[in-house]
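We're numbering straight along the sequence, starting at 1. In each ligand, atom 1 is the first atom listed, and ligand 1 is the first ligand listed.
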Amino acid sequence: MSTTFTLDTSTSRAHPLPEPVRRLTVPAIARRKGGEPIVMLTAYTARMAQLLDKHCDLLLVGDSLGQVIYGLDTTVKVTLEMMIAHGAAVVRGSYRAVVVIDLPFGSYEASPEQAFETAARVLKETGAAAVKLEGGAVMAPTVSFLSARGIPVMAHVGLTPQAVNALGGYGARGRSEAEAAKILDDARAVAAAGAFALVVEGVVEPLGRAITEAVACPTIGIGASTQCDGQVLVVDDMLGMFERVPRFVERFDNMAERIDAAAAAYAEAVRARRFPTEKQLYS
Ligand code: KIV
């Protein structure tokens, strides 16, 4: 599959004119249990979505954008308006991948009805296909309520960053037998409630494997297990945009260093009056 880029003179930005491409669907993802590994990355902007789309089955507009894009200390402060603005941009920039949008903290936990109102607004205003929410057994009635009303839900168990204030940090979960059993129950509950897929974040490996074996829907791991049905990373982590490299991250590039070098070269060229040259000027 190829994407042709032409210059859209109304915006002066590369604007893709894709060949007809059918977007993957939520049921097609749900059927991938035990099959070809599912590839998911986060995306927050239209341009990044354009670049990632052909490589990914799922693009997640994660509330990690609070930290990655907005420099917030936790995801707790992320608003619904942020998620909708970035979600719509990612849908505009993608053609093939299923776009999933995180429901931000405080926008869905109070009741299934609150979650429905929020999720319906997210799908209407962005064009995305599904929402993701954090939480285990306590969120199962909400997962079931949304799924029964036509809103596909990706659930998220294990380390749930929106609960950082209750958890006390971002350490791996499931180290004690009791905690592992609770997280396994959580995973079973949201899967049985109708989640089409399940993010398993930051758990000890045997638990990631046990969850994958225990639930009928695909699991998508991040710091979980090689045995998950798919994997996800925050795209900026994968690209090497941050100095801090958590254990579960592999850097596939070192873009922070490359941006630093490019900015230094630009600054040097401006100061030395080597940029612009005649080539960049209008005669
Ligand atoms: O917000 C996010 O980016 C996520 C992924 C890390 C799974 O939830």
What are the atoms of ligand 1, with element, lying closer than 4.0 Å to any heavy atom of G62? 1 (O), 2 (C), 3 (O)
Would you mind checking which non-hydrogen protein atom is closest to atom 8 (O) of ligand 1, with the distance to 0.1 Å? K132 NZ, 2.9 Å
E134 near ligand 1 by a heavy-atom separation under 4.0 Å: no
Starting from atom 6 (C) of ligand 1, what is the nearest protein heavy atom, named by residue and atom, and what distance separates them? I222 CD1, 3.7 Å
So between L60, D63, V199, whose heavy atom ends up nearest atom 4 (C) of ligand 1? L60
For F275, does the six-membered ring have the charged nitrogen or CZ of R273 within the cation-pi criterion, i.e. under 6.0 angstrom from the centroid and within 45° of the normal? no
Any idea which atoms of ligand 1 are less than 4.0 Å away from a heavy-atom of T42? 3 (O)
Taking the basic N atoms (NZ, or NE/NH1/NH2) and the acidic carboxylate oxygens, is any pair closer than 4.0 Å for E177 and K182? no
Run the numbers on M83 and L65 for side chain to side chain contact (heavy atoms under 4.5 Å, CB included), then give the verdict. CA-CA 8 Å; M83 297 310 301; L65 65 76; 3.8 Å; yes
Check this for me: does any side-chain nitrogen of one of D237 and R244 sit under 4.0 Å from a carboxylate oxygen of the other? no
Look at E201 together with R173 and state whether they make a salt bridge at an N to O cut-off of under 4.0 Å. no
Atoms of ligand 1 close to H156 [distance to a heavy atom under 4.0 angstrom, numbered from 1]: 8 (O)
Per-atom contacts, ligand 1 versus S64 - under 4.0 Å to a heavy atom: 1 (O), 2 (C), 3 (O)
Interatomic distance, CE@M48 vs CG@L59, rounded to 0.5 Å, equals 10.5 Å
Near D102, which atoms of ligand 1 are under 4.0 Å from a heavy atom of that residue? 1 (O), 2 (C), 8 (O)
Any salt bridge between E179 and R175, counting N to O under 4.0 Å? no
